[in-house]
Engineer: 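Take a look at this one; I'll ask things after.
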Number of protein chains: 2
Amino acid sequence: MAALYHHPAPEEITLLPLLRAVADPVRLGIIYHLHSLGEANCTTLLRGRPKSSMSHHFQVLREAGILQTRVEGVQHRNTLRLDVLEERFPGLMSAILRECPADLPEKI
Amino acid sequence: MAALYHHPAPEEITLLPLLRAVADPVRLGIIYHLHSLGEANCTTLLRGRPKSSMSHHFQVLREAGILQTRVEGVQHRNTLRLDVLEERFPGLMSAILRECPADLPEKI
DNA sequence: TTCATTGTTCCATGTTGATGGAACAATAAG
DNA sequence: CTTATTGTTCCATCAACATGGAACAATGAA
């Protein structure tokens with residue numbers, strides 16, 4: 001496990017990669033779950049998918065600036081970078097998160 | 001030319017197809033140009049691309065609910081459905097359009 | 001040390017979607 | 001009718017990306 005992740009600075013976050021990252025059903029699901037749970041690690045959100053696939057999606061979200069990963073022991077806890085995103089593209093993520101299903105946490 | 005287009009009703013516009021439609025550089029460019037120009041037909045925005053390719057992108061944007069096409073003689077004039085989008089996903093398109101380059105019209 | 005857990009990396013495969021030429025359709029003008 | 005313009009549709013090709021197995025790395029516990 002690479003203990004270090006590169007999280008892009010706010011100025012490095014650009015719209016098109018961000019949109020591309022969000023425009024995927026699995027990744028949108030990850031975003032919604034993180035929004036509901038506040039924090040989650042990769043395995044928690046697997047729901048039958050292979051780890052390699054989920055790890056890939058977390059990487060895409062990370063490099064797009066959407067989430068940050070904090071290493072805690074053997075787990076890597078992920079949280080949305082809502083403050084940064086709201087500062088960088090006001091209203092964008094909140095518009096997306098408004099569509100978050102209300103019963104998501106139980107679907108895990 | 002199919003004289004009729006199907007424009008999805010506001011309730012039929014869903015987030016994921018909308019995000020997928022926007023998450024493409026060519027289509028984001030079309031959106032920005034329509035935002036700058038107010039209205040434009042396909043050929044106006046070609047800028048060296050083949051018509052079949054642009055026609056495809058207009059179709060994707062249309063089916064996602066982002067633009068509507070009005071037939072005027074031999075031309076098909078496209079406009080953004082800003083009112084519908086703002087009603088359906090408040091703040092989403094305005095956040096995207098805020099990133100529209102100021103000098104876009106001259107780039108045509 | 002040994003084992004379990006977590007997540008990444010590598011790699012091959014498959015699928016989706018963008019690209020672009022060609023033919024066609026629709027409207028308008030000469 | 002003929003011609004020009006506009007945009008769609010069909011089709012083949014290509015590239016980007018998601019998928020998922022396997023091996024590996026990192027931390028923690030026994």
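In what follows, every chain begins at residue 1, and chains take the letters A, B, ... in the order their sequences are listed.
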Engineer: Output one letter per nucleotide in nucleotides 12-21 of chain D: B when a protein non-hydrogen atom lies under 4.0 Å from the base, S when only the sugar-phosphate is that close, - when neither is.
Structural biologist: -----SSBBB

Engineer: Measure the distance from CG on B:Leu45 to P on D:dT6 and round it to the nearest whole Å.
Structural biologist: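 Answer to the nearest Å: 13 Å.
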
Engineer: What integer distance in Å separates B:His6:NE2 from D:dT8:P?
Structural biologist: 16 Å

Engineer: Expressed as a whole number of angstroms, how long is the span from B:Lys51:NZ to D:dC11:P?
Structural biologist: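 Atom-to-atom, B:Lys51 to D:dC11, this comes out as 19 Å.
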
Engineer: Look at the side-chain heavy atoms of Ile, Leu, Val, Met, Phe, Trp and Tyr, link any pair under 4.5 Å apart, and say whether B:Leu28 and B:Leu16 land in one connected group.
Structural biologist: yes

Engineer: Quickly work out the B:Arg77 CZ to D:dG7 C1' distance and round it to whole Å.
Structural biologist: 14 Å

Engineer: I need the full list of side chain to side chain donor-acceptor pair (under 3.5 Å) pairs touching residues 9-26 of chain A, with sequence neighbours left out, sorted by first then second residue.
Structural biologist: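 For residues 9-26 of chain A: none.
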
Engineer: Look at B:Asn41 and D:dT6 and indicate whether a side-chain polar atom (N or O) is within less than 4.0 Å of OP1 or OP2.
Structural biologist: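 Looking at the OP1 and OP2 atoms of D:dT6, neither is under 4.0 Å from any side-chain N or O of B:Asn41.
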
Engineer: Given D:dG7, is OP1 or OP2 found less than 4.0 Å from the side-chain N or O atoms of B:Ser55?
Structural biologist: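 So the side-chain polar atoms of B:Ser55 never come under 4.0 Å of the phosphate oxygens OP1 or OP2 of D:dG7.
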
Engineer: Answer with base, sugar-phosphate or nothing: what part of the nucleic acid does A:Arg70 contact at a heavy-atom distance below 4.0 Å?
Structural biologist: nothing

Engineer: Could you state the CG-C1' distance from B:Leu61 to C:dG17, rounded to the nearest angstrom?
Structural biologist: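 In whole Å, C:dG17 C1' lies 14 Å from B:Leu61 CG.
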
Engineer: Please report the distance, rounded to the nearest Å, between CE in A:Met54 and C1' in C:dT5.
Structural biologist: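 Rounding to the nearest Å, CE of A:Met54 and C1' of C:dT5 are 17 Å apart.
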
Engineer: Closer to the 5' end of DNA chain C via nearest nucleotide, is it A:Gln59 or B:Glu72?
Structural biologist: A:Gln59

Engineer: Can you measure B:Leu4 atom CG to C:dA26 atom P for me and round it to whole angstrom units?
Structural biologist: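 Rounded to whole Å, this separation is 11 Å.
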
Engineer: Where the side chain of B:His7 meets the backbone of B:Thr69, is there a donor-acceptor pair that is under 3.5 Å apart?
Structural biologist: yes

Engineer: Show every salt bridge (charged side-chain N to carboxylate O under 4.0 Å, His left out) that has at least one partner inside residues 75-100 of chain B, sequence neighbours left out.
Structural biologist: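 Listed by first then second residue: B:Glu39-B:Arg77.
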
Engineer: Does one hydrophobic cluster hold both B:Leu82 and B:Leu92, with members joined at side-chain heavy-atom distances below 4.5 Å?
Structural biologist: yes

Engineer: Roughly how far, to the nearest 0.5 Å, is CG of A:Asn78 from CZ of A:Phe58?
Structural biologist: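 A:Phe58 CZ to A:Asn78 CG: 4.5 Å, rounded to 0.5 Å.
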
Engineer: Do A:Gln75 and A:Thr44 come close enough that some side-chain heavy atom pair is under 4.5 Å?
Structural biologist: no

Engineer: Compare the minimum distances between each of C:dT8, D:dT27, D:dG7 and the side chain of A:Tyr5, then state the nucleotide with the smallest one.
Structural biologist: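 Looking only at heavy atoms from C-beta outward on A:Tyr5, the closest nucleotide is C:dT8.
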
Engineer: A:Glu63 has an atom CD; how far is it from atom C1' of C:dT8, in whole Å?
Structural biologist: 13 Å

